[in-house]
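Each remark here refers to the structure printed beneath this line.
All heavy atoms count here, side chains included; hydrogens, waters and symmetry mates do not.
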Amino acid sequence: MFERIESIYVPVIDLQASINWYQQHLGLKLLSQEKTTAQFSVYDGITKLTLIETMNFKPIRYINEQHKAPYFNFHILNLKLTYEELESAGVKLSSISENEYLHSFEIIDPNGNWLGVCYEKESSPYYKPESEQHPLLDRVGAVFIPVRDLQKSLDFYEKALGLTLYHHWGGGADLGVNSKDNLITLFQINDGGVETLAEVGRSYFSFYSADLDVTRSSLEQKGIASTAAVEQDSLAYCRLTDPDGHGLLVISGVKKVVVVN
């Protein structure tokens, strides 16, 4: 149904200044630029990063404050060297934290956006041996979605949307979009404090479908409603809603920077 997570969307105040910073300090490759948007590749990853110059700017920090969960994270191949390299370049960083499976920290960009970074431990199913010959950021690792009922959400994303379950650790689960390097991470919120993606006020990631009509038809057969397809320049898009009311964006026919607010 979906080929990949197409892009992560990050709001910025000044597009050109942000382009310069993301290239210079994070080593991202600029693919294309429009009046208010710019799209980057992240080294070896298939998911892109898109900057959006926004008038009503609100920085992204955590999708859930209690769990300190970022909107998304970058995957890295060397924790010590990457942290030291960023720090020596004057990039503002949070302290390093860890759990059973990974080390993590946040990059704070000049706009005040918090960008998650993770390095997988050997205990992680996504572990890769540490490398001294490494890109600063290897790829976009995962997009994070808070949910009220983990099993209900797993049934939706796995059985209805066709994602593959790679890891279930009790309080959360990773589902891949055709690859364990292209992940949606669901995590259970027990206090009822789920902020839906619709409440966030903007799309911060998108799925890519090769054929939107086929995807919408497949969703309909499974009883999942989606909005009518909307054509915009070289693309078409629709939206659907998950069990928590999160509005999910699906795009098709991408030939240039894609931003849908």
Side-chain angles (χ1 to χ4, degrees), residues 2-61 63 70-76 82 85-86 89-93 106-117 134-143 177 181-182 197 200-210 212 229-239 247-261:
F2 303 135
E3 291 192 4
R4 60 182 178 271
I5 300 170
E6 170 62 20
S7 189
I8 302 297
Y9 302 123
V10 177
V12 299
I13 300 168
D14 183 316
L15 182 63
Q16 191 57 56
S18 296
I19 288 172
N20 295 340
W21 189 87
Y22 275 75
Q23 287 179 305
Q24 178 181 348
H25 294 288
L26 302 189
L28 304 189
K29 180 182 178 181
L30 182 64
L31 298 176
S32 57
Q33 180 178 352
E34 302 290 331
K35 184 177 180 181
T36 59
T37 62
Q39 192 170 81
F40 297 87
S41 61
V42 185
Y43 189 64
D44 203 30
I46 59 174
T47 297
K48 305 172 187 70
L49 182 141
T50 301
L51 301 181
I52 313 168
E53 187 173 274
T54 308
M55 291 187 64
N56 298 318
F57 175 78
K58 181 181 178 181
I60 59 173
R61 180 166 172 165
I63 190 80
Y71 282 70
F72 68 94
N73 65 18
F74 294 110
H75 180 269
I76 60 174
T82 298
E85 188 172 339
L86 289 167
V91 176
K92 188 176 180 181
L93 306 171
E106 284 78 41
I107 295 169
I108 298 90
D109 81 359
N111 304 278
N113 294 310
W114 287 51
L115 316 174
V117 180
H134 67 99
L136 194 61
L137 304 173
D138 179 50
R139 55 183 165 80
V140 172
V143 171
V177 187
D181 290 338
N182 201 226
L197 306 193
V200 170
R202 53 178 171 252
S203 301
Y204 68 94
F205 76 96
S206 57
F207 291 110
Y208 180 81
S209 167
L212 199 60
V230 176
E231 294 187 3
Q232 177 181 313
D233 298 328
S234 59
L235 68 105
Y237 67 88
C238 72
R239 298 179 188 274
L248 306 176
L249 175 65
V250 184
I251 62 177
S252 182
V254 182
K255 296 181 181 178
K256 62 178 182 179
V257 170
V258 177
V259 177
V260 182
N261 292 317

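- The closest side-chain heavy-atom distance from Val250 to Cys238 is below 4.5 Å.
- Residue pairs meeting the salt bridge (Lys or Arg N to Asp or Glu O under 4.0 Å) criterion with at least one member in residues 38-49, sequence neighbours excluded, are Glu6-Lys48.
- Residues satisfying the ring-ring contact (aromatic ring centres under 6.0 Å, His included) criterion with Phe74, sequence neighbours excluded, are Phe72.
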Subject >> side-chain contact (heavy atoms from CB on, under 4.5 Å) between Tyr204 and Val143, intermediate numbers included >> reply: CA-CA 9 Å; Tyr204 68 94; Val143 171; 3.7 Å; yes
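- Atom CD1 of residue Ile13 and atom CE of residue Met55 lie 13.0 Å apart, to the nearest 0.5 angstrom.
- Atom CD1 of Ile63 sits about 4.5 Å away from atom OH of Tyr71, to the nearest 0.5 Å.
- A search for side chain to side chain contact (heavy atoms under 4.5 Å, CB included) contacts involving Leu15 returns Val12, Ile19, Gln33, Ala38, Leu51, Glu53, not counting sequence neighbours.
- Counted by atom type alone, Asp109 and Ser18 present zero donor-acceptor pairs between their side chains at under 3.5 Å.
- When all heavy atoms are compared, the tightest approach of His25 to Leu86 is O-CD2, 3.7 Å.
- Side chain of Ser252 to main chain of Ser209: a donor-acceptor pair is present (N/O by atom type, distance under 3.5 Å, no hydrogens or angles).
- Sequence neighbours left out, not one pair with a member in residues 7-33 passes salt bridge (Lys or Arg N to Asp or Glu O under 4.0 Å).
- Taking OG1 from Thr36 and CD from Glu34, the interatomic distance works out to 8.0 Å, rounded to the nearest 0.5 Å.
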Original post:
Under the side-chain contact (heavy atoms from CB on, under 4.5 Å) criterion, do Leu115 and Leu26 qualify, and how do the steps go?
Top reply: CA-CA 11 Å; Leu115 316 174; Leu26 302 189; 4.1 Å; yes
**OP:** Output, in order, the C-alpha distance, side-chain angles, deciding distance and verdict of side-chain hydrogen bond (donor to acceptor under 3.5 Å, both in side chains) for Thr37 and Tyr9.
**Re:** CA-CA 10 Å; Thr37 62; Tyr9 302 123; over 6 Å; no
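- Side-chain contact check for Tyr208 versus Val177: every heavy-atom pair is 4.5 Å or farther apart.
- Phe57 and Asn113 make their closest contact through CZ-OD1, 4.2 Å (heavy atoms, listed as atom of the first residue, atom of the second, distance).
- For the pair Ile76/Leu137, a side-chain contact is recorded, criterion being any heavy-atom separation below 4.5 Å from C-beta on.
- In this structure, the ring-ring contact (aromatic ring centres under 6.0 Å, His included) partners of Phe2, at least two apart in sequence or on a different chain, are Phe207.
- Applying the ring pair (Phe, Tyr, Trp, His ring centres under 6.0 Å) test to pairs two or more places apart or on separate chains, none has a residue in residues 29-49.
- To the nearest 0.5 Å, atoms CD1 (Ile46) and CG (Asp181) are separated by 8.0 Å.
- Crowding of Gln16 atom CD: a count of heavy atoms from other residues, nucleotides or ligands under 6.0 Å exceeding 12.
- Atom OG of residue Ser206 and atom CD1 of residue Ile8 lie 8.0 Å apart, to the nearest 0.5 angstrom.
- Shown here for Arg139 and Gly45, the closest heavy-atom pair between the two residues is CB-CA, 3.6 Å.
- The two residues Lys58 and Pro11 come nearest to each other via the heavy atoms O-CG, 3.6 Å.
- For Asn182 (side chain) and Ile5 (main-chain N/O), a donor-acceptor pair under 3.5 Å exists by modelled atom type.
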